[in-house]
Amino acid sequence: MAKSNEEFVQHIASRAEDFPQWYTDVILKTDMVDYSDVKGCMVIKPYGYGVWELIQQQMDAKFKATGHKNAYFPLFIPESLLLKEAEHVEGFAPEVAWVTHGGNEKLAERLAIRPTSETVIGSMYSRWIQSYRDLPVLMNQWCNVVRWEKSTRPFLRTSEFLWQEGHTAHANFEEAQEETMRMLEIYREFAEKVMAIPVIVGRKSEKEKFAGAQATYTMEAMMQDGKALQMGTSHNLGDNFARGYDITYLSKEGKLEYCFTTSWGTSTRMIGGIIMVHGDDRGLVFPPRVAPIQAVILPIAMHKEGVLEKAQELRVRLEAAGVRTELDDSDQSAGWKFNQWEMKGVPLRIEVGPKDIANNQVVVVRRDNLQKQFVPMDGLEKSINDLLDDVQQGLFDKALAMRESKTVNATNFDQLAEGVQTGFVRAMWCGERECEEAIKAKTGATTRCMPFDTTHRDELGDVCVHCGKPAKHMMYFAKAY
RNA sequence: CGGGGUGUAGCGCAGUUCGGUAGCGCACGUGCUUUGGGAGCAUGGGGCCGGGGGUUCAAAUCCCUUCACCCCGACCA
């Protein structure tokens with residue numbers, strides 16, 4: 001029955017040869033997503049949605065712990081409402097989808113389908129906030145938004161996507177700034193601890209910042225093909241939206257003041273990041289904390305007496321110990337199952353066969369390094385949980401090493417141009433938009449962020465990597481998704 | 001929106017040059033043997049050949065037209 005590995009059908013493209021093709025193959029063949037009949041919209045299948053649910057649960061707990069409450073605001077935004085913040089409208093206008101008819105009747109005023117909700121929420125905050133006693137207002141909503149994109153790719157850029165958007169209102173700029181940073185830090189911790197993705201946090205350039213924001217902060221991750229992915233943003237909106245939507249309060253001194261607002265968001269794009277950072281040529285690799293299935297039990301020689309029963313017993317034990325466990329008792333060959341579950345990225349595979357039962361042990365294989373080990377059935381719960389923690393940490397370390405190997409310093413333009421072909425480039429920058437645009441035109445790379453962590457600053461000199469004028473900022477450059 | 005490509009079974013494709021019974025692989029159903037790295041044999045089901053119009057005795061195939069999707073660019077979480 002056993003064929004050599006060479007004869008096995010190649011199910012997925014190699015990452016090294018064609019990363020985009022590998023990405024598409026993997027997500028389609030592992031029941032993550034499907035293409036829908038509407039261009040640019042994806043269908044998230046249960047396995048893919050399971051990842052999103054785990055993200056939601058864990059992130060939402062962080063929001064609650066910092067005093068935020070969930071709410072829901074309308075999908076439709078009247079055009080007049082959208083128009084109140086000039087910069088914002090200008091930024092989003094090219095990608096807004098409009099509703100022009102209700103039934104057979106043309107609407108007197110067309111309705112935008114929210115590309116983001118600052119406007120609707122701002123108009124409500126305007127009604128709700130009267131006094132300094134009402135502040136701060138800390139809300140979040142989990143919802144879908146629509147941006148009419150010209151080119152799309154599942155998870156990374158879809159016309160409709162799921163996200164969370166936090167919106168807060170504060171009495172002054174400083175409090176808004178604190179909130180902006182607090183949420184960015186929650187995102188950073190989430191990325192690194194839960195998704196096992198190391199990120200660079202910092203501030204966006206004026207060109208790249210959110211339309212209507214005073215300052216945009218971001219976390220940027222490096223993918224295996226050398227392109228950067230923005231995984232989350234946090235904006236200090238200053239009093240821009242408060243002025244546009246008339247969000248005011250009476251201060252303790254009885255003066256009418258504008259609020260200062262923030263917004264912050266992360267989306268299903270993060271799932272694309274998880275796939276592109278951790279995946280390998282065998283398929284997906286999920287960090288345990290976002291793995292819909294953390295351990296799969298494969299009964300070997302199922303027809304033999306006691307095997308299936310033992311497998312079922314182990315599943316009950318592991319589930320009771322909080323491990324998301326699947327028992328694959330399907331009528332497939334063992335080899336097929338091995339490959340299938342590896343492709344789906346399940347962190348641990350547990351094999352139970354007659355030999356194991358005789359020895360009171362199981363065979364456990366880690367997805368991250370494919371190491372095989374015998375584990376006693378006694379105390380299996382703890383062993384598995386410990387192994388899951390190991391895999392979680394191992395994946396982070398591996399991803400960090402990958403990113404570091406793709407990050408270089410540049411003190412002149414040639415080094416920058418070369419470095420951005422394969423990853424991040426740290427360099428000094430004058431802060432001028434013309435320079436930023438010229439670099440993009442010449443290299444295809446954009447400014448990703450001005451990092452808070454200025455390690456390596458001393459190695460970068462003091463002049464702009466492009467124009468040679470005195471530098472103002474340390475900047476990460478990269479090609480981006 | 002520019003440039004390139006593809007539409008034939010659930011999926012991947014051949015057939016189109018030169019019109020003549022709708023094919024292959026995988027998947028799926030059934031039976032038996034298998035099960036520690038993608039099983040074997042037997043047997044079976046499944047098609048408005050993207051849509052519309054033409055030419056012809058006859059169209060997956062030729063002509064006209066339309067629609068959809070994919071890839072590469074420009075724009076974007």
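Keep in mind the model is a prediction, meaning the values are calculated, not measured. Note on naming: letters A, B, ... go to the chains in the order of the sequence lines (proteins, then strands), and numbering restarts at 1 for each one.
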Please name all residues satisfying side chain to side chain contact (heavy atoms under 4.5 Å, CB included) with [X], sequence neighbours left out, ordered by chain then number.
X	result
A:Ala399	A:Pro198, A:Val277, A:His278
A:Ala417	A:Phe413, A:Thr443
A:Ala86	none
A:Pro376	none

Base paired to [N] (Watson-Crick or G-U; both N/O distances under 3.5 angstrom):
N	result
B:rG44	B:rC28
B:rG73	B:rC1
B:rG7	B:rC67
B:rC57	B:rG20

Nearest-Å distance, [atom1] ([X]) to [atom2] ([N])?
X	N	atom1	atom2	answer
A:Asn339	B:rC26	CG	C1'	16 Å
A:Ile300	B:rU35	CD1	P	11 Å
A:Lys440	B:rA74	NZ	P	7 Å
A:Phe19	B:rC72	CZ	C1'	18 Å
A:Lys29	B:rG12	NZ	C1'	9 Å
A:Asp331	B:rC32	CG	P	12 Å
A:Gln21	B:rU6	CD	C1'	14 Å
A:Asp34	B:rC11	CG	C1'	11 Å

Legend entry - Partners meeting ring pair (Phe, Tyr, Trp, His ring centres under 6.0 Å) with A:Phe63 (sequence neighbours left out): A:Trp264

Inset, instruction - Output all residues satisfying ring pair (Phe, Tyr, Trp, His ring centres under 6.0 Å) with A:Phe338, sequence neighbours left out; order by chain, then residue number. - result: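 In terms of ring pair (Phe, Tyr, Trp, His ring centres under 6.0 Å), with neighbours along the sequence ignored, A:Phe338 is linked to no residue.
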
Remember a base hit wins even if backbone is also touched, and classify [X] as base, sugar-phosphate or nothing at under 4.0 Å, heavy atoms.
X	value
A:Val145	nothing
A:Leu156	base
A:Ser159	nothing
A:Pro299	nothing
A:Glu149	base
A:Lys372	nothing

Inset, instruction - Determine if A:Phe161 stacks with B:rA77; use a centre-to-centre distance below 5.5 Å and an interplanar angle below 30° as the criteria. - result: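 Yes, the aromatic ring of A:Phe161 stacks with the base.
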
Contacts to RNA chain B from [range], heavy-atom cutoff under 4.0 Å, which residues?
range	value
residues 215-240 of chain A	A:Gln230
residues 301-313 of chain A	A:Ala301, A:His303
residues 265-277 of chain A	A:Ser267, A:Arg269

Legend entry - Phosphate contact (B:rA39 OP1 or OP2) by A:Ser333 side-chain N/O below 4.0 Å: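 Answer is yes, contact under 4.0 Å.
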
Say you pick atom [atom1] in [N] and the same atom in [M]; how far apart are they, in whole Å?
N	M	atom1	answer
B:rU61	B:rG15	P	15 Å
B:rC28	B:rC18	C1'	37 Å
B:rC71	B:rU65	P	27 Å
B:rG52	B:rA68	C1'	14 Å
B:rC72	B:rU34	C1'	48 Å
B:rC69	B:rC64	P	24 Å
B:rC41	B:rA27	P	12 Å
B:rG10	B:rC1	P	32 Å

Inset, instruction - Would you name the heavy atoms of A:Glu220 and A:Ala228 that are closest together and state the gap between them? - result: OE1-CB, 4.2 Å

Inset, instruction - Salt-bridge test for A:Arg366 and A:Asp368: reply yes if a basic N is under 4.0 Å from a carboxylate O, no otherwise. - result: yes

Legend entry - Note: A:Arg282-A:Glu342 ion pair, threshold 4.0 Å (strictly below):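 Salt bridge flag = yes for A:Glu342 with A:Arg282.
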
Inset, instruction - Report yes if the side chains of A:Ile275 and A:Phe155 come closer than 4.5 Å at any heavy-atom pair, otherwise no. - result: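 Yes, side chains in contact.
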
Inset, instruction - Measure from the ring center of A:Tyr125 to the ring center of A:His167 and say whether it is less than 6.0 Å. - result: no

Which nucleotide sits closest to the side chain of [X]: [options]?
X	options	answer
A:Arg147	B:rG37, B:rA39, B:rA77	B:rA77
A:Asp356	B:rG36, B:rA74, B:rG37	B:rG36
A:Gln332	B:rG36, B:rA74, B:rC28	B:rC28

Inset, instruction - Answer with yes or no whether A:Glu342 presents, from its side chain, a donor or acceptor under 3.5 Å of a partner atom in the base of B:rG37. - result: yes

Inset, instruction - Indicate whether any N or O donor in one side chain lies under 3.5 Å from an N or O acceptor in the other, for A:Trp22 and A:Asp225. - result: no

Legend entry - Residue whose closest nucleotide on RNA chain B lies nearer the 5' end, A:Glu351 versus A:Gly91: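 Its nucleotide being nearer the 5' end, the pick is A:Glu351.
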
Not counting sequence neighbours, which residues clear salt bridge (Lys or Arg N to Asp or Glu O under 4.0 Å) with [X]? List them please.
X	value
A:Glu185	A:Arg188
A:Asp356	none
A:Arg426	none

